[in-house]
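Structure, as structure tokens:
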Amino acid sequence: MFKLAINGVEKTVKSHPGDILTWPIVNKAMDEAILEVLRAGNMSGTDITRRFEREYADWHGMTYGLGCNNGTAALHCAMYGIGIGQGDEIICPSITYWASCMPVLSLGGKIVFADIDPETLCIDPDDMERRITPRTKAVVVVHYCGRPADMDRIMPIARKHNLKVIEDVSHAHGAIYKGKMVGTFGDVAGFSLMSSKSFAIGEGGIMLTNDKETYDRAVILGHYERHTEITTEYLKAGAGLPWGGYKYRMHQMSSAVGLEQLKKYPAEIAEIDKAMNYFWDLLEGVSGVRPHRPAQGSDISMGGWYHPLAHYRPEELGGLSVTRFCEALEAEGVPSRPGCNEALHRHPLFSTIDVYNQGKPINAMETSFGRQEDMSLPVAEGIQSRIFTVPWFKHYSSDVIEEYAAAMRKVVMNYEELLSDDHGNPEGSGGWSLSFKS
Ligand SMILES: *Cc1c(COP(=O)(O)O)cnc(C)c1O
């Protein structure tokens with residue numbers, strides 16, 4: 001007698017999820033804010049964006065905020081802001097979205113990938129330290145899928161080697177690490193604010209820093225309309241035209257939505273936190289699956305639980321592949337997908353593709369570590385078979401969450417039913433970006 005829906009039994013999740021998985025959460029005030037911008041013909045101004053920047057920076061206790069048209073641009077500004085240029089190396093975790101590091105290529109910089117910590121999925125501080133050479137200028141820290149990186153280890157290593165720290169906070173807006181908000185530890189932080197992220201305002205991004213020179217350099221790169229406000233002497237002579245030729249102004253429909261989002265965001269992530277923690281508490285002690293969250297009762301919190309992940313332990317379930325496990329979950333009515341971001345160092349872009357007609361590939365053999373695809377980053381390379389996506393609950397509806405947890409528990413309890421039809425994980429089961437149907 002089969003017990004699992006994938007084998008023909010009725011599925012566990014019977015209730016309609018309602019709006020529990022719907023994202024982003026849009027209210028009337030956001031609608032009105034957008035119409036106001038539209039009707040005033042004020043899409044390309046900076047007055048609303050400046051108000052948003054001020055409030056977003058104040059929320060973090062930071063001095064300068066610079067709104068950008070997306071998170072990729074905010075990170076490009078951050079990299080130029082701290083002075084990365086020709087031949088400089090930055091160290092970036094291999095498991096992340098490409099925009100954490102790739103903007104550096106147009107600055108003439110090189111990317112050296114580092115491995116991730118198998119528990120946090122953020123940069124492994126020891127491997128990061130091994131990748132430091134005299135050419136290293138900065139490290140990029142990504143607080144991956146809502147979870148803060150190990151800043152207590154990372155910051156002293158960076159400071160000891162005189163490196164700048166760029167925080168990519170595109171996955172963890174509002175996360176707290178030991179009493180302090182992420183995005184406030186390093187020299188500069190970049191945030192994506194696009195629609196699928198926790199702090200969702202449309203296409204948009206923001207850079208935060210406490211350093212005026214960093215801010216001014218970011219302004220000279222991509223914000224020509226603010227050049228008269230630059231106070232850093234050596235930049236003033238070149239004001240008027242954007243250095244590098246970029247235009248990164250934020251659309252004011254986005255910043256208008258951002259001002260409204262700031263009002264409701266803390267309450268939203270508190271409810272998400274309650275819902276997600278409830279889900280995982282119900283699964284305490286279940287074999288094969290573990291939450292990707294900080295230890296309960298610690299002073300580290302998830303920032304909105306963007307793209308929530310579960311650790312998967314096939315060795316506890318008779319070697320069952322995560323792909324087959326997720327198929328069974330889907331059949332029970334639980335949206336889930338194996339894997340996360342693919343390991344970037346394996347992409348041919350960094351080893352064999354001649355993007356800039358230089359007669360040699362990007363990074364070529366020129367980083368201190370040679371061809372990127374020859375690097376050995378064992379955790380990053382093995383992670384796709386040990387991770388899957390779980391539903392992102394935006395509301396604390398305990399009865400619905402209980403149904404989802406019961407479905408997960410049922411699949412674990414009956415995993416043996418799945419072993420005979422397990423075809424394993426396909427090659428490249430992650431993706432170059434995280435997209436997920438809910
Ligand atoms: C989404 C994302 C970005 C880029 O942001 P966009 O707004 O999409 O340009 C950068 N880093 C990470 C980790 C991201 O997930």
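The chain is numbered in sequence order, starting from 1. Counting starts at 1 for both ligands and their atoms, in listed order.
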Relative to each other, are the rings of F113 and H345 parallel, tilted or perpendicular (30° and 60° limits)? tilted
Pairwise, report which nitrogen or oxygen atoms of ligand 1 are under 3.5 angstrom from protein nitrogen or oxygen atoms, and how far apart they are.
{"from": "ligand 1", "atom 1": "5 (O)", "to": "S192", "atom 2": "OG", "distance (Å)": "3.1"}
{"from": "ligand 1", "atom 1": "7 (O)", "to": "G71", "atom 2": "N", "distance (Å)": "2.8"}
{"from": "ligand 1", "atom 1": "7 (O)", "to": "S192", "atom 2": "OG", "distance (Å)": "2.6"}
{"from": "ligand 1", "atom 1": "9 (O)", "to": "G71", "atom 2": "N", "distance (Å)": "3.3"}
{"from": "ligand 1", "atom 1": "9 (O)", "to": "T72", "atom 2": "N", "distance (Å)": "2.9"}
{"from": "ligand 1", "atom 1": "9 (O)", "to": "T72", "atom 2": "OG1", "distance (Å)": "2.6"}
{"from": "ligand 1", "atom 1": "11 (N)", "to": "D168", "atom 2": "OD1", "distance (Å)": "3.4"}
{"from": "ligand 1", "atom 1": "11 (N)", "to": "D168", "atom 2": "OD2", "distance (Å)": "2.7"}
{"from": "ligand 1", "atom 1": "11 (N)", "to": "S170", "atom 2": "OG", "distance (Å)": "3.4"}
{"from": "ligand 1", "atom 1": "15 (O)", "to": "H171", "atom 2": "NE2", "distance (Å)": "2.7"}
{"from": "ligand 1", "atom 1": "15 (O)", "to": "K197", "atom 2": "NZ", "distance (Å)": "3.0"}

With distance as the sole criterion, is a donor-acceptor pair present between the side chains of S255 and T49 under 3.5 Å? yes
Contacts of type side chain to side chain contact (heavy atoms under 4.5 Å, CB included), residue P378, not counting sequence neighbours: D115, S376
Criterion ring pair (Phe, Tyr, Trp, His ring centres under 6.0 Å) against F191, the qualifying member of Y56, F199, W59: Y56
Does the side chain of Y215 pick up a donor-acceptor pair with the side chain of N210 at under 3.5 Å? no
Would you check, one step at a time, whether the test side chain to side chain contact (heavy atoms under 4.5 Å, CB included) holds for C340 with Y144? CA-CA 10 Å; C340 57; Y144 193 66; 3.4 Å; yes
